[in-house]
Number of protein chains: 2
Amino acid sequence: MSRRSGVLEFAVLGLLRESPMHGYELRKRLNTSLGVFRAFSYGTLYPCLKTLVAQGWLTEETAPDDPLAAPLAGRRAKIVYRLTSAGKEHFEDLLAQSGPDAWEDEQFGVRFAFFGHTERDVRMRVLEGRRSRLEERLERMRASLARTRERLDDYTLELQRHGMESVEREVRWLNELIETERAGRGRAKGRPADQGRDDTDPTDTTT
Amino acid sequence: MSRRSGVLEFAVLGLLRESPMHGYELRKRLNTSLGVFRAFSYGTLYPCLKTLVAQGWLTEETAPDDPLAAPLAGRRAKIVYRLTSAGKEHFEDLLAQSGPDAWEDEQFGVRFAFFGHTERDVRMRVLEGRRSRLEERLERMRASLARTRERLDDYTLELQRHGMESVEREVRWLNELIETERAGRGRAKGRPADQGRDDTDPTDTTT
DNA sequence: TTCGTCATGTAATGGGTTACATGATTAC
DNA sequence: GTAATCATGTAACCCATTACATGACGAA
């Protein structure tokens with residue numbers, strides 16, 4: 001009945017904010033533009049769209065046989081979903097939230113992806129919340145490791161070490177982002193954490 | 001009815017292989033010894049244990065009131081689960097599998113955690129399978145990024161860059177592990193990928 | 001005309017959590 | 001005696017996938 005996913009709802013509203021789309025295209029965007037995340041199946045997406053329409057946040061616009069009615073993709077478009085003003089408002093509300101939900105693993109990615117539409121103080125709170133969440137996790141891992149280190153074999157140990165390093169690395173990343181935001185270079189232009197990297201050649205990254 | 005989780009089943013069998021335990025302790029172990037992974041709730045664990053008993057892989061041993069019957073933890077032990085020989089056999093079968101399932105995100109972690117009980121050629125196949133899986137993913141990310149780079153804002157771009165770097169980092173980690181295995185230092189002693197790190201003092205974490 | 005992609009959906013199932021219910025044991 | 005932790009379980013729900021069903025369009 002409800003089908004309230006959180007991440008999916010947020011991502012759909014955010015993507016439709018920019019331009020109306022039909023379900024099939026929406027799903028592709030979830031894999032590419034926002035593509036670092038999981039790809040939702042149609043069995044998830046379409047029912048979700050239905051409920052968003054029922055909530056009054058989207059409208060369905062059917063473009064049945066008229067080829068002139070679908071100039072967007074150049075091809076047939078069956079059901080185009082458009083964000084209503086109520087939906088826009090709701091999305092703004094979601095964007096303004098900076099509570100614990102935004103720090104969780106599943107939510108944080110989408111939240112970050114729409115930072116371009118997010119107020120700066122909210123961005124700061126989300127980043128800092130995320131960081132302290134990860135630092136707590138790190139401390140728990142360290143404590144647990146200290147207690148059980150002797151009883152673990154090499155592979156288990158290596159796995160834990162690598163896991164902790166991954167978290168530590170994300171903390172460092174967040175630190176850079178927070179610093180950039182603090183310096184005021186994080187609005188919309190001037191890519192955050194720019195250190196002369198080249199996306200096509202990511203050598204010498206760690207070590 | 002079935003409640004066949006894959007990861008949980010594998011982890012439970014593997015943990016019980018070392019010593020019999022009751023459910024509560026089993027769950028703690030899943031968070032600590034194997035703790036890099038998700039923590040399963042009791043609502044998942046107990047039904048799972050029931051089905052494993054029904055399969056004949058575990059036996060329930062109730063130690064009702066006798067304090068002498070529970071020398072393991074020094075305290076009351078209600079239902080102790082013990083691996084049967086059939087269960088042991090089944091676990092060995094699972095350990096020997098090196099198919100695509102073992103390369104997926106959810107399975108790989110547990111598989112790696114039990115590498116100490118895994119044959120060397122199986123370890124190699126799993127590691128290499130995992131690596132090529134990640135390299136495919138990386139290529140898809142690169143292709144998608146090349147197609148959509150111009151249309152993306154700074155934050156989305158930064159998110160993708162960080163995501164790709166994470167995957168690249170894991171590939172490098174796998175490369176080290178594979179090299180170590182190949183050199184023959186990966187059996188049980190001689191910790192893999194040892195580069196003079198010290199687990200107890202992971203300073204230089206932040207900046 | 002057949003194949004690949006576009007496009008939309010539904011029913012069954014899977015895998016897991018939350019909230020709840022219960023009660024024993026230990027420590028204070 | 002009361003709070004925390006140990007210990008076991010169940011029912012209701014949640015989120016999402018899989019498999020299936022349907023069909024239109026474009027290109028070979």
Side-chain angles (χ1 to χ4, degrees), chain A residues 1-12 20-32 37-54 58 60-67 69-70 72-81 101 104-107 110, chain B residues 1-12 20-32 37-54 58 60-67 69-70 72-81 101 104-107 110:
Chain A
M1 200 60 101
S2 33
R3 203 59 94 174
R4 203 76 62 77
S5 160
V7 282
L8 184 53
E9 176 184 309
F10 192 92
V12 165
M21 270 179 283
H22 53 268
Y24 191 88
E25 195 183 350
L26 210 41
R27 197 213 177 216
K28 277 202 303 185
R29 291 289 197 93
L30 287 167
N31 305 336
T32 57
F37 317 126
R38 39 180 323 173
F40 293 93
S41 67
Y42 297 121
T44 310
L45 179 59
Y46 285 118
C48 172
L49 286 169
K50 286 283 168 70
T51 71
L52 292 182
V53 169
L58 304 183
E60 282 180 347
E61 290 165 34
T62 320
D65 291 292
D66 188 7
L72 295 167
R75 61 180 74 239
R76 171 195 62 136
K78 282 232 168 140
I79 300 179
V80 176
Y81 292 93
D101 281 354
E104 302 299 332
D105 292 320
E106 357 102 21
Q107 287 264 358
V110 220
Chain B
M1 200 62 101
S2 34
R3 202 58 92 175
R4 203 77 62 75
S5 162
V7 283
L8 184 53
E9 176 185 310
F10 193 92
V12 165
M21 269 179 282
H22 53 267
Y24 192 88
E25 194 181 352
L26 210 41
R27 197 213 178 215
K28 277 202 303 185
R29 291 287 197 97
L30 288 166
N31 306 336
T32 57
F37 318 126
R38 38 181 322 171
F40 293 93
S41 65
Y42 297 121
T44 311
L45 179 58
Y46 285 117
C48 172
L49 286 169
K50 286 283 168 71
T51 71
L52 292 183
V53 170
L58 303 183
E60 283 180 346
E61 290 165 35
T62 320
D65 290 293
D66 189 7
L72 296 168
R75 60 182 74 238
R76 170 195 62 136
K78 281 233 168 137
I79 299 179
V80 176
Y81 292 93
D101 280 355
E104 302 299 334
D105 293 319
E106 358 101 20
Q107 286 264 359
V110 219

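Quick note on labels: first sequence line is chain A, next is B, and so on, each numbered from 1.
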request  = Determine, step by step, whether Leu49(B) and Ile79(B) satisfy the side-chain contact (heavy atoms from CB on, under 4.5 Å) criterion, reporting the C-alpha distance in whole Å, the side-chain angles of both residues, the deciding distance to 0.1 Å, and the verdict.
outcome  = CA-CA 11 Å; Leu49(B) 286 169; Ile79(B) 299 179; over 6 Å; no
Comparing nearest nucleotides in DNA chain D, the 5'-proximal residue of the pair Tyr42(B), Leu8(A) is Tyr42(B)
Does [N] have OP1 or OP2 sitting under 4.0 Å from an N or O in the side chain of [X]?
X: Lys28(B); N: dA7(D); value: no
X: Thr44(A); N: dA16(D); value: no
X: Lys78(A); N: dG9(C); value: no

Round to the nearest Å and state the distance from [X] atom [atom1] to [N] atom [atom2].
X: Glu61(B); N: dA7(D); atom1: CD; atom2: C1'; result: 17 Å
X: Arg27(B); N: dG16(C); atom1: CZ; atom2: P; result: 14 Å
X: His22(A); N: dC25(D); atom1: NE2; atom2: P; result: 14 Å
X: Asp101(A); N: dC15(D); atom1: CG; atom2: P; result: 12 Å
X: Leu45(A); N: dC15(D); atom1: CG; atom2: P; result: 15 Å
X: Arg29(B); N: dC6(D); atom1: CZ; atom2: P; result: 14 Å
X: Glu106(A); N: dG16(C); atom1: CD; atom2: P; result: 16 Å
X: Ile79(B); N: dA7(D); atom1: CD1; atom2: P; result: 12 Å

Any idea which of [options] is nearest the [X] side chain?
X: Ser41(B); options: dT18(C), dC6(C), dA16(D); answer: dT18(C)
X: Phe40(A); options: dT17(D), dG9(C), dA7(C); answer: dT17(D)
X: Lys50(B); options: dG9(C), dT10(D), dA16(D); answer: dT10(D)

Would you say the side chain of Glu60(A) lies within less than 4.5 Å of the side chain of Tyr81(A), judging by non-hydrogen atoms? yes
task = Look at the side chain of Arg27(A) and the backbone N and O of Ala39(A), then say whether any donor-acceptor pair between them is shorter than 3.5 Å.
result = no
Applying ring-ring contact (aromatic ring centres under 6.0 Å, His included) to Tyr46(B) and not counting sequence neighbours gives Tyr42(B)
For Glu104(A), the side-chain contact (heavy atoms from CB on, under 4.5 Å) test, sequence neighbours excluded, returns Glu106(A), Arg133(A)
